[in-house]
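Below is one structure; the comments refer to it alone.
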Amino acid sequence: MISKLEELILFVVLLGSGKATASDVQAALSEAAKKEQSFGSIFTTLDRLSDKKLVKWRKGESDGRRGGRAPRLYEITGAGRKALDESVRATRIAAGGSLEPFGVRS
Amino acid sequence: MSDKFRAWSELSGHPPIVSIRPLTKEDIRGLSKEDVEKAIAAEKAFEAKVWSSNEIKRFFFSNLFGPRDRSRGSHARLRISNPELEAPKGVLIDWLVPPDRAEDMLLGLQKAFEERWVPKYGLRCAQRMFLWHAVGSVIGFWINWTMKRTKLLKFLSGSGA
């Protein structure tokens, strides 16, 4: 079972279609929560998800600015999608709701 | 952004203006001729304004601790802040986090700083946020590293299930 923060991050990474950066994740979560989310927790959780093989990352292309640094682009793995489905399903079942509006695999 | 800066921004038609600093060559680099002319006109309009005591305090404070263009004297100049130039270097992360992880951390923080925090909160607040998040990222990284090494995370997740 994954934590709520891991679930949210997996959602954002899934929506990023393989091009989600840590900054994108933080921006999306901050916007959703109406409060700046800690970068520390985002980086740590992304590392943890990466260790669990729920997400994978590759080096993106540098835009020539910021010292020529290249961002990590995160992509959800099959195991990550499965974990996300299970987590959302558990949440919905616990709430007594239907899974269909969320497009969650049954 | 204070009323003063908002008024200045409206006057010059140039949004990313966040502080009073000496106008340097770097500030106007890359700007179109029209923007430079607007900035100079707005500077003159600003200098003609009667300052309140708080504005005077802020002026002296920013000039005492901020960068100064000595070639143009020590008088106040409005600065067209370029967030890219103002972004902190993230030395803390560079020193305390392994290079492969530091690269992504710094990039994420600098991107947030330039694209979201400066326009939303202003330069000084964004710089404080950068420092705060940088410290949090370093601490988080080493806590995670320690937990991984001691297998504490595995133990906790096992006992929690």
Side-chain angles (χ1 to χ4, degrees), chain A residues 1-6 9 12-13 16 19-52 54-75 83 86-87 90, chain B residues 30 82-85 87-94 96-117 120-121 125-126 128-149 151-154 156-158 160-161:
Chain A
M1 184 64 76
I2 57 176
S3 71
K4 202 68 191 169
L5 181 61
E6 287 175 335
I9 289 178
V12 179
V13 171
K19 291 180 182 173
T21 62
S23 178
D24 295 337
V25 172
Q26 196 268 352
L29 295 187
S30 299
E31 196 177 334
K34 309 276 185 219
K35 182 187 163 192
E36 285 295 332
Q37 293 297 301
S38 159
F39 259 104
S41 63
I42 304 287
F43 288 131
T44 307
T45 311
L46 279 169
D47 282 346
R48 202 178 302 151
L49 289 172
S50 188
D51 290 342
K52 288 181 187 174
L54 300 182
V55 295
K56 59 184 178 183
W57 60 269
R58 61 186 165 84
K59 279 274 181 194
E61 288 180 10
S62 168
D63 60 359
R65 296 161 63 212
R66 304 182 186 106
R69 297 187 183 100
R72 285 184 182 184
L73 303 179
Y74 289 92
E75 187 179 0
E86 282 173 5
S87 178
Chain B
N82 183 344
E84 191 182 342
L85 295 173
K89 302 289 178 286
V91 177
L92 192 71
I93 293 179
D94 261 341
L96 299 176
V97 178
D100 59 329
R101 197 70 190 92
E103 188 179 17
D104 184 53
M105 276 187 184
L106 270 175
L107 199 64
L109 283 169
Q110 287 181 342
K111 193 178 170 191
F113 177 88
E114 291 169 15
E115 295 177 5
R116 290 187 288 115
W117 294 344
K120 195 172 175 183
Y121 302 109
C125 185
R128 280 198 296 271
M129 286 175 73
F130 187 98
L131 181 64
W132 179 251
H133 283 271
V135 169
S137 300
V138 171
I139 292 172
F141 173 83
W142 285 111
I143 288 176
N144 199 30
W145 185 90
T146 309
M147 287 175 83
K148 257 197 295 192
R149 291 296 178 279
K151 298 187 186 298
L152 187 58
L153 188 65
K154 203 171 179 180
L156 287 174
S157 63

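Keep in mind that the numbers below use all heavy atoms, side chains included, and drop hydrogens, waters and symmetry copies. Every chain is numbered from 1, with letters handed out A, B, ... down the list of sequences.
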Identify all side-chain donor-acceptor contacts of residues 128-139 of chain B below 3.5 Å with residues at least two apart in sequence or on another chain.
| from | atom 1 | to | atom 2 | distance (Å) |
| --- | --- | --- | --- | --- |
| B/His133 | ND1 | A/Phe39 | N | 3.1 |
| B/Ser137 | OG | B/His133 | O | 2.7 |

If one checks every heavy atom of B/Trp145 against chain A at 4.5 Å, the contacting part turns out to be neither
Under the 3.5 angstrom rule, does the side chain of A/Ser87 hit a backbone N or O of A/Ala83 as a donor-acceptor pair? no
Value for CG (B/Leu109) from NZ (B/Lys111), rounded to nearest 0.5 Å, stands at 12.0 Å
Using 4.0 Å as the upper bound for N to carboxylate O, is an ion pair formed by A/Lys19 and A/Glu75? no
With sequence neighbours left out, the residues meeting side chain to side chain donor-acceptor pair (under 3.5 Å) with B/Glu103 are A/Lys59
Does A/Ser38 offer a backbone N or O that forms a donor-acceptor pair with the side chain of A/Gln26 under 3.5 Å? no
Honestly, the part of A/Glu31 sitting under 4.5 Å from a heavy atom of chain B is neither
Checking heavy-atom separations under 4.5 Å from chain B, one finds in residues 40-47 of chain A A/Gly40, A/Phe43, A/Thr44, A/Asp47
Across all chains, not counting sequence neighbours, the side chain to side chain donor-acceptor pair (under 3.5 Å) partners of A/Thr21 are A/Asp24
Okay, A/Ala22 and chain B: the region with an atom under 4.5 Å from a heavy atom over there is side chain
